[in-house]
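Remarks on the structure that follows.
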Amino acid sequence: MKFTVSSTALGNRLATLGRVINSKNALPILGDFLFEIIDGRLHLTASDSEVMMRTSLELNDCDSEGRFCVGNHDLLEAVKGISEQPITIEVDQQANIAKIAYQNGMFSLPVESADEFPQPQQVDFNATVINIPTDMLAENINRSIFATAQDELRPVMNGIYFDLTPECLAVVASDGHKLVRNKILNISSEQPASFILPKKPAALLKGVLGKQGGDVVIRFDDRNAEVTFEDGVLICRLIEGRYPNYNSVIPQGNPNQLTVDRQGLLSALRRVQPFSNESSNLIRFHVENGMLQLDAEDYDFSKTATERMSCDYNGMPMSIGFKGSSFIEILSNFDCPEVVVQLADPSRAGLVLPSEQPANQDVLMLMMPMLIND
């Protein structure tokens with residue numbers, strides 16, 4: 001078997017697929033890429049047994065069809081160092097050797113039988129289907145993934161929850177201290193359905209989808225999801241379990257409303273945060289009469305910091321504590337010029353919203369408060 005392919009195209013696809021493969025694998029074959037030539041196209045697959053990603057690209061030339069596996073590390077290192085040019089791969093499956101020739105040299109690598117490579121999980125024929133614009137899915141994953149947990153006792157919190165209802169598709173993530181809820185208002189279903197996407201495939205999709213156009217098709221059942229995008233498909237096992245009722249923790253009608261420049265508040269928090277207590281990371285927000293004051297203190301090391309900034313505030317004077325690093329993460333995952341912070345009292349969650357909602361979306365982030373000593 002012999003075929004020719006662009007070095008850059010192959011290197012880019014292998015680099016993307018390489019993020020699927022774990023550094024340590026229970027089965028040696030999971031450290032390999034699967035190469036398959038079908039109808040003049042090269043199909044590449046990587047798997048960690050829970051997540052499988054497949055992509056394809058055109059070949060300049062090929063003399064036959066076939067399939068084989070080759071180790072990921074050496075191939076990645078070799079191909080990424082080759083400038084844009086055609087490279088020819090010749091596979092001798094009797095000797096289990098692949099020879100890769102390029103303009104100024106060649107190298108050879110051992111190959112393994114493709115029969116040992118794991119088969120993808122099958123999604124049920126009657127699976128629920130969601131069609132969503134690629135940029136919208138990438139935006140929602142990017143906005144949500146930071147809020148997922150790393151909790152062995154509550155694994156359902158470790159992924160992004162997709163909740164399809166008759167009103168909308170809600171994309172939700174929470175670690176118990178902060179919560180992100182994105183409503184996509186132009187996607188809905190009379191038959192409610194939901195799934196929890198694990199963090200790893202979410203991160204893989206985040207890296208792939210930003211470069212593509214068109215729509216993404218998500219098919220899912222109780223155990224698996226299949227995400228088909230422009231250049232390939234990702235199949236993964238879902239997190240099983242019941243996601244908490246996220247709507248019940250979102251306070252309704254917070255009367256005190258603060259509107260503030262997002263970038264200005266983000267910069268101020270980054271300046272003040274290093275002076276907060278290392279274990280609690282507490283920042284005190286005091287707001288009244290168009291002025292927001294941020295205070296941080298660490299009496300163990302005799303450190304304090306205060307910064308004031310102007311804002312638009314409608315409500316009673318209030319002091320409330322928030323975890324500085326979490327508030328920085330929330331502000332960093334908006335791209336609007338101003339944010340609106342809605343508050344009820346120092347013991348209830350604060351809501352952070354963009355000053356202008358994205359088209360066909362309703363974005364909301366929630367922060368649980370921390371106890372402050374006045």
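Values below: all heavy atoms of this structure, side chains included; hydrogens, waters and symmetry mates excluded.
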Problem - Side chains of Gln342 and Asn256, donor plus acceptor under 3.5 Å - result: no
Practice task
Please say whether more than 12 non-hydrogen atoms of neighbouring residues, nucleotides or ligands are located less than 6.0 Å from CG in Asp335.
Solution key: no
Exercise for the section: Check whether Met1 and Ile100 end up in the same hydrophobic cluster, where Ile, Leu, Val, Met, Phe, Trp and Tyr are linked by side-chain heavy atoms less than 4.5 Å apart. Expected result: yes
Completion exercise
Heavy-atom closest pair (Glu297 atom, Thr304 atom, distance to 0.1 Å) is CB-CG2, 4.0 Å
Handout entry: Asp163-Ser194 side chain donor-acceptor pair, cut-off 3.5 Å
Key = no
Exercise for the section: For residues Arg54 and Ile38, report the shortest heavy-atom separation together with the two atoms involved. Expected result: NH2-CD1, 4.0 Å
Problem - Hydrophobic cluster identity match, Met52 and Leu27, side-chain contacts under 4.5 Å - result: yes
Handout entry: Side chains of Thr134 and Phe229 in contact at under 4.5 Å (non-hydrogen atoms)
Key = no
Practice task
Answer yes or no: are there more than 12 heavy-atom neighbours, outside Met316 itself, under 6.0 Å from its atom CE?
Solution key: no
Problem - Ile330 versus Leu366, closest heavy-atom pair with distance - result: CD1-O, 4.0 Å
Exercise for the section: Would you mind reporting whether Leu169 and Lys183 have side-chain heavy atoms less than 4.5 Å apart? Expected result: no
Exercise for the section: Check whether any side-chain N or O of Thr4 sits under 3.5 Å from a backbone N or O of Pro86 as a donor-acceptor pair, and report yes or no. Expected result: no
Practice task
Verify side-chain contact (heavy atoms from CB on, under 4.5 Å) between Arg271 and Glu307, making sure each step is shown before the conclusion.
Solution key: CA-CA 9 Å; Arg271 287 190 291 268; Glu307 185 156 340; 2.5 Å; yes
Exercise for the section: Check the pair Thr148 / Asn158 against side chain to side chain donor-acceptor pair (under 3.5 Å), numbers first and verdict last. Expected result: CA-CA 5 Å; Thr148 55; Asn158 298 342; over 6 Å; no
Problem - Atom CG of Asp222: over 12 foreign heavy atoms under 6.0 Å - result: no
Exercise for the section: Test Leu364 against Ile250 for side-chain contact (heavy atoms from CB on, under 4.5 Å), laying out the working first. Expected result: CA-CA 9 Å; Leu364 172 151; Ile250 300 173; 4.0 Å; yes
Practice task
Report yes or no: does Glu90 contribute a side-chain atom to a donor-acceptor pair with the main-chain N or O of Ile97 at less than 3.5 Å?
Solution key: no
Exercise for the section: Step through the shown structure and confirm whether more than 12 heavy atoms of other residues, nucleotides or ligands are within 6.0 Å of NZ on Lys200. Expected result: yes
Handout entry: Heavy atoms from other residues, nucleotides or ligands near CD of Glu77 exceed 12 (cutoff 6.0 Å)
Key = yes
Handout entry: Exam field: side chain Glu84 to backbone Thr8, donor-acceptor pair closer than 3.5 Å
Key = yes
Handout entry: Glu167 side chain vs Leu185 backbone, donor-acceptor pair below 3.5 Å
Key = no
Handout entry: Residue pair Ile196 / Leu238, side-chain heavy-atom distance below 4.5 Å
Key = no
Exercise for the section: Using modelled atom types only, decide if a donor and an acceptor are shared between the side chain of Lys199 and the backbone of Ala149 within a distance under 3.5 Å. Expected result: yes
Exercise for the section: Kindly check if the number of other-residue, nucleotide or ligand heavy atoms within 6.0 Å of CZ (Arg308) is above 12? Expected result: no
Handout entry: Heavy-atom check, side chain of Asp362 versus side chain of Asn182, under 4.5 Å
Key = no
Practice task
Check whether any side-chain heavy atom of Met318 lies under 4.5 Å from a side-chain heavy atom of Tyr313, and answer yes or no.
Solution key: yes
Exercise for the section: Verify whether one side chain among Gln257 and Asn314 offers a donor that lies under 3.5 Å from an acceptor in the other. Expected result: no
Practice task
In sequence, state the C-alpha distance, the side-chain angles, and the governing distance for Glu50 and Arg237, and then conclude on salt bridge (charged side-chain N to carboxylate O under 4.0 Å, His left out).
Solution key: CA-CA 6 Å; Glu50 299 259 322; Arg237 189 166 295 158; 3.1 Å; yes
Handout entry: Cluster check Leu266, Ile320: I/L/V/M/F/W/Y, side chain < 4.5 angstrom
Key = yes
Practice task
Identify the two heavy atoms, one from Val51 and one from Pro201, that lie closest to each other, and give their separation to 0.1 Å.
Solution key: CG2-CD, 3.9 Å
Problem - Glu226/Arg219 salt bridge by N-O under 4.0 Å criterion - result: yes
Handout entry: Heavy-atom side-chain contact between Tyr161 and Val171 under 4.5 Å
Key = no
Handout entry: Check: Ser276 side chain, Gln273 main-chain N or O, donor-acceptor pair, under 3.5 Å
Key = yes
Exercise for the section: For Arg223 and Val123, indicate whether the former's side chain and the latter's backbone hold a donor-acceptor pair under 3.5 Å. Expected result: no
Handout entry: Ser319 side chain to His286 backbone, donor-acceptor under 3.5 Å
Key = no
Exercise for the section: Compute the centroid of each ring, for Phe285 and then for Phe327, and state whether the two points are separated by less than 6.0 Å. Expected result: yes
Handout entry: Criterion side chain to side chain donor-acceptor pair (under 3.5 Å) on Asn277 and Tyr299, from CA distance to verdict
Key = CA-CA 8 Å; Asn277 181 275; Tyr299 289 132; over 6 Å; no
Fill in the blank from the handout: Rounded to the nearest 0.5 angstrom, the OG-CD1 distance for Ser280 and Ile372 is 12.0 Å
Handout entry: Leu209 side chain reached by Val216 side chain, heavy atoms, under 4.5 Å
Key = yes
Fill in the blank from the handout: Thr128 meets the side chain to side chain donor-acceptor pair (under 3.5 Å) criterion, sequence neighbours left out, with none
Handout entry: Connected via hydrophobic side-chain network under 4.5 Å: Leu331 and Ile145
Key = no
Completion exercise
Note: Val180 and Ala147 closest approach over all heavy atoms is CG2-CB, 3.7 Å
Exercise for the section: Tell me, with the steps shown, if Leu269 and Leu294 meet side-chain contact (heavy atoms from CB on, under 4.5 Å). Expected result: CA-CA 8 Å; Leu269 280 169; Leu294 304 174; 4.0 Å; yes
Problem - Check: Leu197 and Phe162 side chains under 4.5 Å, non-hydrogen atoms - result: yes
Handout entry: Check: Phe334 main-chain N/O paired with Arg262 side-chain donor or acceptor under 3.5 Å
Key = yes
Exercise for the section: Taking atom NZ of Lys2 as the centre, report whether more than 12 heavy atoms of other residues, nucleotides or ligands fall under 6.0 Å from it. Expected result: no
Practice task
Answer with yes or no whether the side chains of Gln150 and Asp175 bring together a donor and an acceptor at under 3.5 Å.
Solution key: no
Handout entry: Minimum heavy-atom distance Gln122-Asp221, with the two atoms named
Key = O-OD2, 4.0 Å
Practice task
Quick one: list whatever passes salt bridge (charged side-chain N to carboxylate O under 4.0 Å, His left out) with Asp295, sequence neighbours left out.
Solution key: Arg284
Problem - Trace of the side-chain contact (heavy atoms from CB on, under 4.5 Å) decision for Phe33 with Leu14 - result: CA-CA 8 Å; Phe33 294 118; Leu14 291 179; 3.8 Å; yes
Practice task
Quick one: sort the Phe220 and Phe195 rings into parallel, tilted or perpendicular, breaks at 30° and 60°.
Solution key: tilted
Handout entry: Tyr102 with Leu75, same ILVMFWY side-chain cluster at under 4.5 Å
Key = yes
Practice task
Carefully, step by step, assess Asp231 and Ser56 under the rule side chain to side chain donor-acceptor pair (under 3.5 Å).
Solution key: CA-CA 7 Å; Asp231 284 338; Ser56 66; over 6 Å; no
Handout entry: Approximate separation, where rounding is to 0.5 Å, of Phe301 CZ and Phe275 CZ
Key = 14.0 Å
Exercise for the section: Check whether more than 12 heavy atoms from other residues, nucleotides or ligands sit under 6.0 Å from atom NZ of Lys178, and answer yes or no. Expected result: yes
Handout entry: Exam field: side chain Ser189 to backbone Pro192, donor-acceptor pair closer than 3.5 Å
Key = no
